Amino acid sequence: MPKVYNWQIGREMDYPFEGQRPRRQAAAVFDTNKCIACQTCTMACKTTWTSGKGQEYMFWNNVETKPWGSYPLAWDVRILERLGPQTWEGGVYRGKTVFEAAPAGERALGYLPEDLDYAYPNRGEDETNAPLTEERFYLRLPHDLWFFYLPRICNHCTYPACLASCPRTAIYKRPEDGIVLLDQQRCRGYRECLKECPFKKVFYNHTTRVSEKCVLCFPAVERGIQPRCMRTCIGKIRTFGFVSTPDRARPDNPVDFLVHVRKVALPLLPQLGLEANVYYIPPVHVGNLRFLQMLFGPGVEQAAATYRRAMEGKDEELRGVLLLAVSTDRIVHRFRVARGLVYGYDDRGEEVVRVPLKEPTMVRPAYDPDHRAYRYNVT
């Protein structure tokens, strides 16, 4: 099997095809500290792409509550159990990836969810309508008083398991932006992609009998506009753009800055070996470091410390990049912080947005002598 270099695990690994990176790679950063699970992203995607017959259970974008929530049911627990020991030495992963752990005759390690695993999207995840027992919820007593929301879309991986597994080569990665698409004319509904995508972000349509997946709103991206789930985010947690490899990172590229310069954004489950291109700023309030390291890898502590520093007003550049999130529908390719403002520029270098680093506030006197009126209710 060919060898490819995966910078997220710090080493070469096996992959069924020769490594060939796209000319640029579409990517996103989600700040979990700001997600409120309003599901606006979920519904924006649902009403745009998956409102048809046979798509009822499809959520190309979903938000699940960690540590308990998942869609489909227990997707993360099941793949991590099958993967076996996952050991890191510094920034190098010493365990097996899903490609290296593949059973004989398979391209990647995986499993096919049952239909009932899709029956409970986000149902009951945030409800405390029953006693919290250690046995049922795997809690420690006293239990950890934390949870956080994890929004998920297709990761448009650099080394996609869905692409590797397809016997029809119906799944391909676009060279111009790295978006992974599925050719439904070629698909025969074998569901190998469902089985071997560890994130379970490929769905089978029981009506059309072919598979479907997130297209990252490529018609919008081609026009320099962010995908629907990104630009409708109420919490402004999402930064969309293009990510470089570490050796080509540009400090003025918002995504590169978050991923490579400040290293505050980390990939989801890097040990799987897919080099996922959706990154997460880990929640800073979670006390269980081992759980976060399992999800986001060994850089969690440093990322949390860097994020806290920005929230304390000690890193204007990082705060500026975070404030650019969902401040415009346009894709921001470059940013600059100057004189209390952060500026965003498109791929032609034209300014598309500017945001103050500190929201101005003004306290007015209660009585306005010019208008001889009180501004407050004084009765």
Side-chain angles (χ1 to χ4, degrees), residues 5-10 19 21-34 91 153 155-159 173-180 216 221 224-227 230-231 233 236-268 270 274-282 296-300 302-307 309-310 315-328 330-338 341-355 357:
Y5 184 74
N6 181 332
W7 66 264
Q8 294 180 355
I9 60 173
R21 293 181 181 272
R23 292 193 290 276
R24 61 179 183 176
Q25 176 61 58
V29 174
F30 295 170
D31 185 352
T32 62
N33 295 286
K34 297 196 293 184
I153 63 173
N155 287 287
H156 296 274
C157 306
T158 302
Y159 305 115
K173 191 169 177 64
R174 301 207 314 178
E176 62 267 39
D177 51 23
I179 295 175
V180 177
L216 207 56
V221 173
I225 299 174
Q226 300 188 40
M230 311 284 176
R231 63 181 191 264
C233 176
K236 296 190 174 186
I237 79 161
R238 300 187 179 211
T239 297
F240 180 79
F242 297 90
V243 69
S244 311
T245 51
D247 57 317
R248 297 186 176 183
R250 286 193 298 109
D252 63 349
N253 172 351
V255 177
D256 279 355
F257 182 83
L258 294 170
V259 174
H260 296 305
V261 178
R262 287 294 186 269
K263 301 182 189 298
V264 74
L266 307 171
L268 179 63
L274 279 70
E275 206 180 285
N277 289 302
V278 175
Y279 298 83
Y280 293 84
I281 298 178
F296 304 118
V300 167
Q302 178 189 337
T306 303
Y307 187 86
R309 182 177 165 80
D315 189 339
E316 283 200 342
E317 277 193 298
L318 178 52
R319 191 163 55 150
V321 173
L322 295 174
L323 285 170
L324 279 180
V326 201
S327 60
T328 172
R330 308 290 302 179
I331 298 173
V332 176
H333 291 255
R334 289 179 49 238
F335 79 97
R336 178 172 66 94
V337 174
L341 296 169
V342 55
Y343 301 81
Y345 303 90
D346 64 13
D347 56 345
R348 294 171 298 183
E350 295 181 1
E351 180 184 324
V352 293
V353 66
R354 64 174 66 180
V355 180
L357 294 180

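From a predicted model like this one, the values you see are computed outputs, not experimental measurements. Heavy atoms only: backbone and side chains are in, while hydrogens, waters and symmetry mates are out.
Put simply, CD1 on Ile331 and CE on Met230 are 9.5 Å apart, with the number rounded to the nearest 0.5 Å. Here the OG1 atom belonging to Thr32 is positioned 10.0 Å from the CG atom belonging to Leu266, to the nearest 0.5 angstrom. Between Asn6 atom CG and Leu274 atom CG the span is 8.5 Å, to the nearest 0.5 Å.
Checking each of Asn155, Thr158, Thr245 against Glu275 for a side-chain hydrogen bond (donor to acceptor under 3.5 Å, both in side chains) leaves exactly one that passes, namely Thr158.
Under a 3.5 Å cut-off, the side chain of His333 and the backbone N or O of Asp346 do not form any donor-acceptor pair. Within the 3.5 Å criterion, the main-chain N or O of Asn277 finds no donor-acceptor partner in the side chain of His156. In terms of modelled atom types and a separation under 3.5 Å, the side chain of Asp31 and the main chain of Arg238 share no donor-acceptor contact. Side-chain N or O atoms of Lys173 include none that pairs as donor or acceptor with a backbone N or O of Pro22 at under 3.5 Å. Remark: side-chain polar atoms of Glu351 are not paired, donor with acceptor, to backbone N or O of Tyr345 under 3.5 angstrom. When atom types are taken as modelled, the side chain of Asn253 and the backbone of Phe242 share a donor-acceptor pair closer than 3.5 angstrom.
The aromatic rings of Phe296 and Tyr280 are tilted relative to each other, their planes meeting at an angle between 30° and 60°.
There is no side-chain donor-acceptor pair under 3.5 Å between Tyr159 and Gln8.
Among pairs with a residue in residues 252-262, those fulfilling salt bridge (Lys or Arg N to Asp or Glu O under 4.0 Å) read Arg250-Asp252, Asp252-Arg334, Arg262-Asp315, Arg262-Glu317, at least two apart in sequence or across chains.
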